[in-house]
Amino acid sequence: MSNVVVLDNGGGLMKAGMGGERDPSCVVPNCTARPPSSKKWLLADQLLSPAEDLTSATLRRPFDRGYLINPDLQSTLWAHLFTNLLKITPSSTSLLLTEPLFNLPSIQRSIDEIIFEEFNFKALFVADSPSLVHLYEASRRPYGLVSKAQCSLVVDCGFSFTHTAPVFQNFTLNYGVKRLDLGGKALTNYLKELVSYRSVNVMDESFIMDDVKEKLCFVSLDVPRDLQIARKHGKDNVLRCTYVLPDGVTYTKGYLKDPDESKRYFTLDDEVPSSHRGENDYMERQDPTDKNQDRRTVDLTKNEFCLTNERFLVPEMIFRPADLGMNQAGLAECIVRSVNSCHPHLHPVLYESIILTGGSTLFPRFAERLERELRPLVPDEYQVKITTQEDPILGVWRGGSLLASSPDFETMCVTKAEYEELGSARCRSRFFH
């Protein structure tokens, strides 16, 4: 068994395991929470217990906007991870750690201190996410374009933000990286606002609204048409779904009232022309009795709420942030800017080897919508090919596991002795970030 621990330390989830394995040993939230009924803070895997009622739990995260702001809390979470979950001895173990692009030197020093001085790891290697994703995809398809050209464009839609990063020969081209300040956390917060304004106050329910987002949200391929559908009443509104909140007695987790209800929309023919069908056409077909029936579907004795257009308006933020008043380009435009920052000889290869990773790319139809947005912005002579990783959440970790099992890995690391002799800044220069 390898004596290298691979830790993909994301803002939302920590993925950790031994190098050389296909899947991590544990995937746990990178946060701590305290339920209102308890004085004890729950760490990482304890938050995943079905018995825990996390309704209105107070939440603390070591990361904010993608960067480490609370090293002490991160140290506590790592101690729990290494001691109780992985059960390793750091002094005889090397660590491969992922960190955000453009990490600040002060944060890097804090991380190095924790790893070498607090945990006493034998050696450290720091990598960025895009290069590990590229490495994994190139190894999966040795005769594919990514492997042959040694070049790809990684689109990482994570918890805190979205990056488009060109990778060439396993190195991320920093001058071509573009950042969109939207990630899973911002989408959840927007969903909280919409539901709180329209139905019931859920501003404190981070875990519940994460669950709602993951189960019900999707990317629309025809927004005007879907907005018209959302206006309908009764059974004609195939977007309507009801989510039941936990009551803290009978059940401690929220759930879908009718799981089949959430799949009705996907039976529609996507090719029905958009919006040439007017609003009046829809209104004429409605039966007044449907409206009364519609009201009866919501059980007022339970805490539950209905979602309609929120299901696709939330992921729409990634493609149209300007619609919410954000001074940001959409994802397709970010990709074009990123490619244009690179040498013209790389443009056709980058457009043909776009790799999607990160939890926010798991929305249904994400890749198809991105291709539709991107195609008009790309010159006609270039092909556009978008590949979604088989598991976008674990893609970075699997790349790290592959790197950790390579024979040259130990020579790439910074040892504890080198850190003590040269200091953090000199050691970091070895990682070419």
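Note that the numbering runs from 1 along the sequence shown for the chain.
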> Mind checking what makes side chain to side chain donor-acceptor pair (under 3.5 Å) contact with S152, not counting sequence neighbours?
Replying inline: H134
In terms of side-chain heavy atoms, does [X] have a donor or acceptor partner in [Y] at a distance below 3.5 Å?
{"X": "Y419", "Y": "E113", "answer": "no"}
{"X": "T411", "Y": "D408", "answer": "no"}
{"X": "S56", "Y": "E205", "answer": "yes"}
{"X": "D210", "Y": "T188", "answer": "yes"}
{"X": "D72", "Y": "S75", "answer": "no"}
{"X": "N3", "Y": "T93", "answer": "no"}
{"X": "E304", "Y": "T242", "answer": "no"}
{"X": "T98", "Y": "D8", "answer": "yes"}

Salt bridge present between [X] and [Y] (N-O < 4.0 angstrom):
{"X": "K178", "Y": "E333", "answer": "no"}
{"X": "E193", "Y": "R198", "answer": "no"}
{"X": "K213", "Y": "D211", "answer": "no"}
{"X": "K15", "Y": "D23", "answer": "no"}
{"X": "E316", "Y": "R311", "answer": "no"}
{"X": "E52", "Y": "K40", "answer": "no"}
{"X": "E368", "Y": "R365", "answer": "no"}
{"X": "K192", "Y": "E310", "answer": "no"}
{"X": "D112", "Y": "R109", "answer": "no"}
{"X": "K385", "Y": "E371", "answer": "no"}

Please give me the minimum heavy-atom distance between [X] and [Y], naming the atom from each residue.
{"X": "L350", "Y": "P166", "result": "CD2-CB, 4.2 Å"}
{"X": "L54", "Y": "P35", "result": "CD2-CG, 4.3 Å"}
{"X": "C157", "Y": "T162", "result": "SG-CG2, 3.5 Å"}
{"X": "M14", "Y": "N9", "result": "CG-OD1, 3.4 Å"}
{"X": "S262", "Y": "C241", "result": "CA-SG, 3.3 Å"}
{"X": "L73", "Y": "N70", "result": "N-OD1, 3.1 Å"}

> So with a 6.0 Å cut-off around CD of E117, is the heavy-atom count from everything else above 12?
Replying inline: yes
> Just wondering, are more than 12 heavy atoms of other shown residues or ligands nearer than 6.0 Å to CZ in R65?
Replying inline: no
> Pairs in or reaching into residues 31-64: which pass ring-ring contact (aromatic ring centres under 6.0 Å, His included), with residues at least two apart or in two chains?
Replying inline: none
> Which pairs count as ring-ring contact (aromatic ring centres under 6.0 Å, His included) when at least one residue sits in residues 355-374, sequence neighbours excluded?
Replying inline: F319-F366
> Would F218 and Y265 count as a close aromatic pair, with their ring centres under 6.0 Å?
Replying inline: yes
So how far is it from [X] [atom1] to [Y] [atom2], rounded to the nearest 0.5 Å?
{"X": "N189", "Y": "S196", "atom1": "CG", "atom2": "OG", "answer": "10.5 Å"}
{"X": "S25", "Y": "I88", "atom1": "OG", "atom2": "CD1", "answer": "10.0 Å"}
{"X": "Q228", "Y": "D222", "atom1": "CD", "atom2": "CG", "answer": "10.0 Å"}

> Aromatic rings Y382 and H347: how do their planes relate, parallel, tilted or perpendicular, breaks at 30° and 60°?
Replying inline: perpendicular
>> Does the plane of the ring in F121 sit parallel, tilted or perpendicular to the ring in F82? Use 30° and 60° as the thresholds.
In response: perpendicular
>> Against R61, only a single residue in S160, P29, C31 fulfils side chain to side chain contact (heavy atoms under 4.5 Å, CB included); can you say which?
In response: C31
>> D258 vs R240, test: salt bridge (charged side-chain N to carboxylate O under 4.0 Å, His left out). Steps then yes/no.
In response: CA-CA 11 Å; D258 179 5; R240 180 179 291 275; over 6 Å; no
